Amino acid sequence: MENQLNLYNTLSRKKELFEPINPPFAGMYVCGPTVYGDPHLGHARPAITFDLVFRYLLHLGYKVRYVRNITDVGHLVADLDEGDDKIAVKARLEQLEPMEIAQYYADRYFIFMDSLNVKRPSIEPRASGHMIEQIRMVGQILDAGYAYVENGSVYFDVEKYSKTFEYGKLSGRVLDDLMTNTRALEGQDEKHHPADFALWKKAQPEHIMRWPSPWSEGFPGWHLECSAMSTKYLGNYFDIHGGGMDLLFPHHESEIAQCQAAIGHESVKYWMHNNMVTIQGQKMGKSLGNFINLEEFFTGSHRLLDQAYSPMTIRFFILQAHYRSTLDFSNEALQAAEKGLKKMLAAYETLGRMIAVNPSPPTPLKDINPSPPTPLQGTNPSPPTPLQGTNPSPPTPLPGGEGRVALLRQECYSAMNDDFNSPMVIASLFEGVRIINSAADKKETLSPDELVVLKEIFDTFLFDILGLKDEKGNDQRETVDGLMQLILAIRQKSRETKDWGTSDQIRDTLQKLHITVKDGKEGSTWETL
RNA sequence: GGUUUCGUGGCCGAGUGGUUAGGCAGCGGUCUGCAAAACCGUCCACAGCGGUUCGACUCCGCUCGAAACCUCCA
């Protein structure tokens with residue numbers, strides 16, 4: 001009962017019990033990037049948010065098909081004197097094929113998302129590769145009578161649609177307001193109603209991205225690709241559709257209308273939206289000069305950044321806030337996240353040493369090392385546990401799960417089941433950190449079984465579900481570890497003879513190599529920065 | 001102007017009608033050859049004004065402020 005997943009459905013504005021349409025399968029579609037520029041913070045948040053959802057659904061045992069599109073056709077440009085395509089504009093500026101631009105930035109997107117340990121979705125379809133599907137959907141909407149052709153372009157008839165259906169139900173818009181508040185835009189006189197939107201646009205002569213269609217040489221409208229590709233890969237009715245809150249209107253609103261018109265019913269059961277990112281309380285925008293892309297975060301090469309922040313610091317920071325809250329980036333906040341994550345990972349290492357010293361009876365350990373990002377995933381990634389009907393229960397707990405340690409695990413599940421509350425999970429894990437460190441200090445005792453359960457909790461939640469990982473290189477780990485044991489043994493000897501000169505020289509030299517020696521009651525340990 | 005989401009301590013951020021969030025920073029201790037790390041304790045709070053209630057930070061209303069969308073963007 002308590003282990004049932006609840007998620008916030010934007011459509012109902014309530015948390016709802018997650019009941020997949022076809023268990024054990026779960027389908028999720030998320031609006032991906034328009035690949036005409038380098039990935040920035042605004043790309044990281046939805047990617048990580050829905051990566052968390054993806055990972056948790058997998059953990060619960062669902063067979064998840066996660067579809068995230070690549071928009072390589074581009075959207076219309078802001079200054080509408082042109083009505084141009086973003087990718088096309090960039091292509092003209094840089095004297096490149098549009099597809100060359102799209103390929104370059106798609107590759108960049110993948111690289112940066114990989115570094116953030118975002119799992120690759122099951123399918124990443126491209127808009128340009130689904131022209132046939134989009135054209136067919138335009139035809140379906142025309143056949144249903146909810147669109148009209150004007151001068152080679154096709155528009156969705158919002159006014160007619162709203163006589164039968166509720167256009168605006170997702171975003172809370174009222175059509176009358178839209179009518180009065182929509183700006184009269186140049187070149188839009190083909191529309192019968194200001195709220196109508198394009199399904200197909202006839203290309204002007206200067207347009208370089210164009211495809212043939214029954215109506216004109218042109219390109220698909222803004223919202224069509226998501227409707228066409230989501231239903232193609234997930235069926236006419238699927239579980240979750242996600243994206244940023246900024247897409248609520250008009251994008252997702254129009255998707256609902258398109259599917260209703262083309263298919264005869266809505267296609268999405270649960271709508272999920274992540275909130276936005278601000279930088280020092282301000283919106284992030286190119287015009288404000290506070291637009292920081294991910295490469296600049298990772299290298300620290302932006303005037304607003306005091307230092308570089310690693311991908312895992314960014315990820316941890318994003319997960320420390322609930323996905324439906326706005327998130328404010330500042331150096332102070334990022335540095336706090338960096339330290340917190342380091343403390344967490346250090347405790348995990350401590351835990352590993354305690355288990356090595358204190359072996360428990362032969363209990364099978366699973367996933368000793370957090371798995372690196374899976375290179376490629378099939379359409380149906382295999383779940384970690386057997387399926388158990390509509391509401392799979394979490395994996396069978398290891399023995400020894402009693403008292404505070406078992407409580408921790410329960411808290412983690414409760415938090416995740418309450419609309420993916422990752423900040424609560426992290427708070428619980430920090431309680432685990434406290435327990436581990438206290439035990440290491442001999443201020444508390446942990447049974448071998450408890451140690452194993454703690455490790456299982458960290459492996460499951462910190463690494464598998466939150467998707468964090470230790471960024472320290474593992475290449476020559478054993479060699480370095482052996483060398484360090486030797487060095488620390490020599491230093492220990494010099495300390496026993498009160499040869500502080502030697503012992504301090506070792507410590508200080510190691511510090512210069514970014515290795516910190518930590519002296520404790522039971523001897524010394526070390527860690528890298 | 002409209003729609004939506006918010007306003008929590010020095011900073012970031014959870015949560016709840018009456019009971020400790022958590023992280024970072026600060027302060028006091030323990031430990032230490034010195035330090036670091038770690039542990040323990042501790043200070044600082046719920047934008048403002050009304051209302052409902054035995055009791056509100058939590059519910060309702062208003063005010064002020066912020067962000068997103070309404071126009072390209074996550």
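This is a predicted model, so every value here is computed, not measured. In the text below, chain A, chain B and the rest are named by the order of the sequence lines, each starting its count at 1.
- Relative to the side chain of A/F317, the nucleotides B/rG22, B/rC12, B/rU5 differ in distance, and B/rC12 lies closest.
- Taking the six-membered ring where tryptophan is involved, the planes of A/F316 and A/F430 are perpendicular, since the angle between them exceeds 60° and thus also 30°.
- Of the two residues contacting RNA chain B, namely A/W500 and A/T278, the nearest-nucleotide position lying further toward the 5' end is that of A/W500.
- B/rG18: Watson-Crick or G-U partner is B/rC54, with both key distances under 3.5 Å.
- Nucleic acid contact for A/G42: base, since at least one base atom lies under 4.0 Å from a heavy atom of the residue.
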| task | Summarise how protein sits on nucleotides 35-42 of chain B as a single string, 5' to 3': B when a protein heavy atom is under 4.0 Å from the base, S for sugar-phosphate-only contact, - for no contact. | result | BBSBBS--

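- Contacts of A/N274 with the nucleic acid, taken as non-hydrogen atoms under 4.0 Å apart, are absent.
- The partner of B/rG10 is B/rC24, judged by Watson-Crick or G-U wobble contacts that both fall below 3.5 Å.
- Applying ring pair (Phe, Tyr, Trp, His ring centres under 6.0 Å) to A/H251 and the options A/H223, A/H241, A/H273 leaves one that passes, A/H223.
- With respect to the salt-bridge test (charged N to carboxylate O, under 4.0 angstrom), the residues A/D51 and A/R55 qualify.
- Backbone-only contact: A/L247 has heavy atoms under 4.0 Å from sugar-phosphate atoms and none from a base.
- Taking the nucleotide of RNA chain B with the nearest heavy atom to each of A/K339 and A/L41, the more 5' of the two is matched to A/K339.
- The nucleotide B/rA37 finds no pairing partner, because no Watson-Crick or G-U wobble arrangement with both distances shorter than 3.5 Å includes it.
- Here A/A333 lies in heavy-atom contact (under 4.0 Å) with sugar-phosphate atoms only.
- Checking each of A/H193, A/E190, A/K191 against A/Y155 for a side chain to side chain donor-acceptor pair (under 3.5 Å) leaves exactly one that passes, namely A/E190.
- Look at B/rC69: its Watson-Crick or wobble partner, with both distances under 3.5 angstrom, is B/rG2.
- Using a 4.0 Å cut-off, some side-chain N or O of A/T34 falls inside it from OP1 or OP2 of B/rA74.
- Counting only N and O atoms by type, the side chains of A/S330 and A/D328 include no donor and acceptor under 3.5 Å apart.
- Within the 4.0 angstrom heavy-atom criterion, base atoms lie near A/S503.
- No hydrogens or angles were tested; on distance alone, nothing pairs the side chain of A/D418 with the base of B/rG15 as donor and acceptor under 3.5 Å.
- Residue A/H43 places at least one side-chain N or O under 4.0 Å from the OP1 or OP2 atom of B/rA74.
- Across all strands shown, A/L334 has no heavy atoms under 4.0 Å from either base or sugar-phosphate atoms.
- With respect to A/K493 and A/D499, no salt bridge is recorded, no charged nitrogen being found less than 4.0 Å from a carboxylate O.
- Under the 30°/60° scheme for interplanar angles, the aromatic rings of A/F461 and A/Y413 are found to stand perpendicular.
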